[in-house]
Amino acid sequence: NITSNQSPYTVEVTYVSYWDEDAHSGNIEIPEVVQLDTTHYTVTRIGDHAFYHCSSLKSVTIPNSVTSIGREAFDGCNSLQSIICNAIEPPVLDSYVFSNYNATLYLPNATAFKNYVNHEKWGNFVIKCPIDSTNTFTIHVDQPGTLAYRILETAEQWSNVFELTITGTLNNEDMAYFSYMKYLQKLDLSGANISNIGGCMGLSCLSEIILPSTVTSIDEYAFYMCQSLTEIDMSNITTIKKEAFCESGLTSVYLPKATTVGNYAFQRCTKLTDVTLPVTTMIGDYAFFDCCNLFYLTMPLVTTIGDYAFS
């Protein structure tokens, strides 16, 4: 649809026909400029119902020129896996634009990342962006308890840290500072000397963490509400404590050595589909409560299951 016939000439994306599931499928790339006769029009808006119930749409690329998205534009696009948005500033969203936030949102740079992750609606997506050297840091901790000093000495601000590699010996005081780095996407602890892991509560951007082989215990609330964290290698973990992964984004759990799963450990992990617990004997209260997509469960040695563990 043409939205302005005068300079600057603008158009919006509109629907082929209302509620046509086959109108768009696969990967769609919206152009920044379209031409009609001799006039070039800038695409500034995705209109109401533009992709409404396009159930086979898997990916959409949104140009930097788009500043707003209309009502129910992507409602019912339940196969949508990725949104590649090149706009630095988040486009204004009308009501019910997305029926869910299961897709991954890809952004062009760190500036855009910070703008979207704090947004009331856009911030509900798993968000990823390219990480350059200005946001990547390697820290060696000579003395336990000095991690905060070393990070601020190197990165200057917590918000500058998107990717972090830590070597040396850490204590619980050090790990408590992980949650200060709210834009942290990757945490590599493979060279750290620790026996337990915690402190990542509320890191909604954390999508990758590498644990050292020395870690055997996941602390209480360690990854609480880490919604971008879809997988983690827990091959050497023997104990999962209370609410360790509550409301996280895990899609599968494999615990070959864990004998105990604590209360509320995986509560409301709504993306969790399969769990394998080959040696676990005790599962705590509400451990997998409200894991509504959990379809595959293996736990041959369990003898104790707490209240509402799988409700």
Should the ring pair Phe125 and Tyr101 be called parallel, tilted or perpendicular, given that the plane angle runs from 0 to 90° and is split at 30 and 60? perpendicular
Considering only NZ, NE, NH1 and NH2 on the basic side and carboxylate oxygens on the acidic side, decide whether Arg71 and Asp48 come within less than 4.0 Å. no
Will you find, in the side chains of Ser59 and Ser82, an N or O donor that is under 3.5 Å from an N or O acceptor? yes
Could you check whether Thr260 and Thr239, counting side-chain N and O atoms only, form a donor-acceptor pair closer than 3.5 Å? no
For Glu220, salt bridge (charged side-chain N to carboxylate O under 4.0 Å, His left out) partners two or more places apart: none
Assess whether side-chain contact (heavy atoms from CB on, under 4.5 Å) is satisfied between Phe51 and Ile46, documenting all intermediate values. CA-CA 9 Å; Phe51 298 94; Ile46 299 173; 4.1 Å; yes
Side chains of Tyr308 and Asp290 only: does a donor on one sit below 3.5 Å from an acceptor on the other? no
State, without any angle test, whether Asn196 and Asn172 hold a side-chain donor-acceptor pair at a distance under 3.5 Å. yes
From Asn236, Thr238, Thr216, Thr280, residue fulfilling side chain to side chain donor-acceptor pair (under 3.5 Å) relative to Lys257: Asn236
Parallel, tilted or perpendicular, judged at 30° and 60°: which one describes the rings of Phe245 and Phe266? parallel
Look at the rings of His49 and Tyr15 and say which category their plane angle falls in: under 30° parallel, 30 to 60° tilted, over 60° perpendicular. perpendicular
Do the rings of Phe113 and Phe162 sit parallel, tilted or perpendicular, given the 30° and 60° boundaries? tilted
If you draw a 6.0 Å radius around CD in Glu153, do more than 12 non-hydrogen atoms from other residues or ligands fall strictly inside? yes
